[in-house]
Student: 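Encoded as structure tokens, here's the structure I'll be asking about.
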Amino acid sequence: MATSKPMPLATKISAPFWQALEQNELHIQQCNQCAGWVFFPRNHCTHCLAHDLEFKPVNGEGTLYSYTLTRIPTMPEFSDEMPQALAVVELSQGVRINTTLIDVAESDIKIGMAVKPVFDKVSTDGKTLLRFTSADNAGGVREYLDPLLNLERNAKGQVKVPVDNLSALYALADNTFTPWSNEFVVDQALINDFAELSGDDYWLHTDVERAKTDSPFKTTIAHGSLVQVLQSRLTIALPFEIVGFQTMVNYGSNRLRFPAPVPSGSTIHGRSKVKDISVSHKGVQLTLEMNIHVVGNDKPSVINDLVILYR
Amino acid sequence: MGLRGNAAIVGAAQYKPEKYQTAPQMFHLEQVADLAHKALVDAGLHKSDLDGLVINGPHFHEASVFVPAMAAEYLGIEVNFAEVVDLGGCTAVAQVWRAAMAIEMGLCQAVLCVIPARMAPLGPTEDPAWMAQAMRFGGHSTAFGAPEAEFDLPYGHMGQNTGYAMIAQRYAAQYGYDKSAMAKIAVDQRFNAQYHKDAIFNGKSLSIEDVLASKLVADPLHVLEIVMPVAGGAAVIVASKELAARAKKRPAFVTGFGERLSFKSPSYAKEMTVTPVAEAAKRAFAMSGLTPKDIHAAQIYDCYTITVLLSLEDAGFVPKGEGQRFIKEHNLTFKGDFPLNTHGGQLSFGQSAAAGGYSQVIEAFDQISHSAQERQLKSCDNMFVSGTGGVMSEQGALILQGG
């Protein structure tokens, strides 16, 4: 995934349509009873109501039925495509499809013009949207273009993502973790210091002798909030740097969980991933999921969805 | 076929359109009761006369199901006829004819038709952003299995603006497009709004140049050709001829109606520029025995200027393709030779969600009942009212006549 744009969720009924698009083919339904063509996919024929439709390959040639150019994005997520040429295409089979017209100059767009399909790969895993272009153009497949690919890098090798480059921002939310950070030892002295500082001196954290018998972990454990703040001791190599903003604000956390304990003396490390990018009048909100683990434990000790606001 | 004209609008109430941020917040049930009371006072009727209820279903704050029962209980009435209408901007017109039909069928004698459209106060667990969230996808469903979620939204096809824009573009390709004629619709209506103190744009004049210089939203639509959403709410009382005789004001008899729903997305229309109001108006005129020439004012649903153009043509006021010429050749103000949206239309009065359609219904009633003050037409017996929901998806027509 490399987009926060709404993506189609295929149903049992429509799946063959989307699967064909991924194979760079356009399949639409025809009724075996009355020969009528149907779009969008259904289980019944809109001409005769028979439940006898069959997906058939078509060449996708058609004409532009109508269009508009969006001067204000219909949703903020489409800001990077402005102006969009939202279009209705009528295939030679007579059915109409909502789509966008691409690679045609504004002044060359004419209702009635001949168009052909473009199989637009919109994600790394091959998700394909059906767009159209002028019949004079090549059409065919538009390969996925990683919006991060051609951006500059800083001295650390991080890709520099301008805060107003929405498609690049969205591409950051790719659900992959950074490599692990450096390691850090959480010893009893540190836990004791934190107990004194915070006032939380509960025996489970501080009483080494009692913990040997009464603790379910047979030892003292670090405070969850201690491990949470120790993220500052962990250097995480984010693959990107957001640039071009006026202010960056730590907006707090959307979720903070301590699923696994950190026994005294444990070595921890962390990693993170961009969980979400959202754009609103407040600015660009980046949600960074920070996970801290005891080294060797698959279950995180801290999950913290940090929200950072850029504007 | 159809009505005999034995039911009439006898009273109305309408909140002054206001910006959402500054409008009073009231529970929808509270608005229903308040509007009912005001409309009954306007009619000179009493709560005990009410025996029917037609209400909006979607976006009702305090319930998503069993809305009529909750509202009737809240009002303290029992009814013989309870109906929910879910037709977007066509809901007002659709409520009125359903009420008239129920009365003529002998089911009831006085029906409250109501749409609350002020914000409700939010509870401690309600998200203040719910409305923005609810509006985010316009009229588009995002539910799994909804065709528009699957085949429209991923491409950016969303909301009303671009749908209406595509209809206008197709019209332009078929018949030509005169930007200044389209702007004149908004300008003439704005003139009317200067004579309606409740209109949101009362006191703000508008020129064709202003419209054409305003921001393009989606070609060819400028922002001043698009309605402004406002908080509001409206109700009318539809009553039998017998009750109408007791009413304070001159009743507006419902002598014709039509309704047509043709599609959800205009992309799937048989022909995008032939709108459902064509069928609805044909039926309404046939039922009433009137023709477009007999109409003293056309109160045409006007979410966009293009809606007005197509409605004028498809309802039979002007032949297809000649609407723009007609608009330029006629003065569309209440002082002119073709009075159109004499309250300013929703473009200048404000669009209070689905209650916006009532601005047209109530203006027709105000004209017929001689309540239109400075806007009062001399000839005011025969009114045409249209309603439009979705993207020209569902449309209705009413013929209202003074008795």
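Chain letters run A, B, ... following the sequence lines, proteins first and then strands; every chain starts at 1. It should be emphasised that the depicted structure is a prediction, and the values quoted were computed from it without experimental measurement.
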Student: Which bit of A:L129 is near chain B, if near means a heavy-atom gap under 4.5 Å: side chain, backbone, both or neither?
Tutor: both
Student: To the nearest 0.5 Å, what is the distance between NE2 on B:H140 and CE on A:M75?
Tutor: 8.0 Å
Student: How many angstroms lie between CZ in B:R170 and CD1 in A:I111, if you round to the nearest 0.5 Å?
Tutor: 6.5 Å
Student: So what's closer than 4.5 Å to chain B heavy atoms on A:Y67: side chain, backbone, both or neither?
Tutor: both
Student: Keeping the roles fixed (side chain from A:R96, backbone from B:S267), state whether a donor-acceptor pair exists under 3.5 Å.
Tutor: yes
Student: Relative to chain A, which of B:G156, B:S265, B:G159, B:A168 shows the most heavy atom pairs under 4.5 Å?
Tutor: B:G156
Student: Backbone N or O of A:L130 within a donor-acceptor pair of the B:Y155 side chain at under 3.5 Å?
Tutor: yes
Student: Between B:F151 and A:F17, how do the two ring planes meet: parallel, tilted or perpendicular, split at 30° and 60°?
Tutor: perpendicular
Student: If I measure from the heavy atoms of chain A, does B:E271 come under 4.5 Å with its side chain, its backbone, both, or neither?
Tutor: both
Student: Just give me the residue among A:P73, A:A87, A:G112 that pairs up with chain B most often, heavy atom to heavy atom, under 4.5 Å.
Tutor: A:A87
Student: Among the options A:L69, A:L64, A:T70, pick out the one with the most heavy-atom pairs lying under 4.5 Å from chain B.
Tutor: A:L69
Student: Can you check whether B:M166's main-chain N or O pairs, donor with acceptor, with A:S66's side chain at less than 3.5 Å?
Tutor: yes
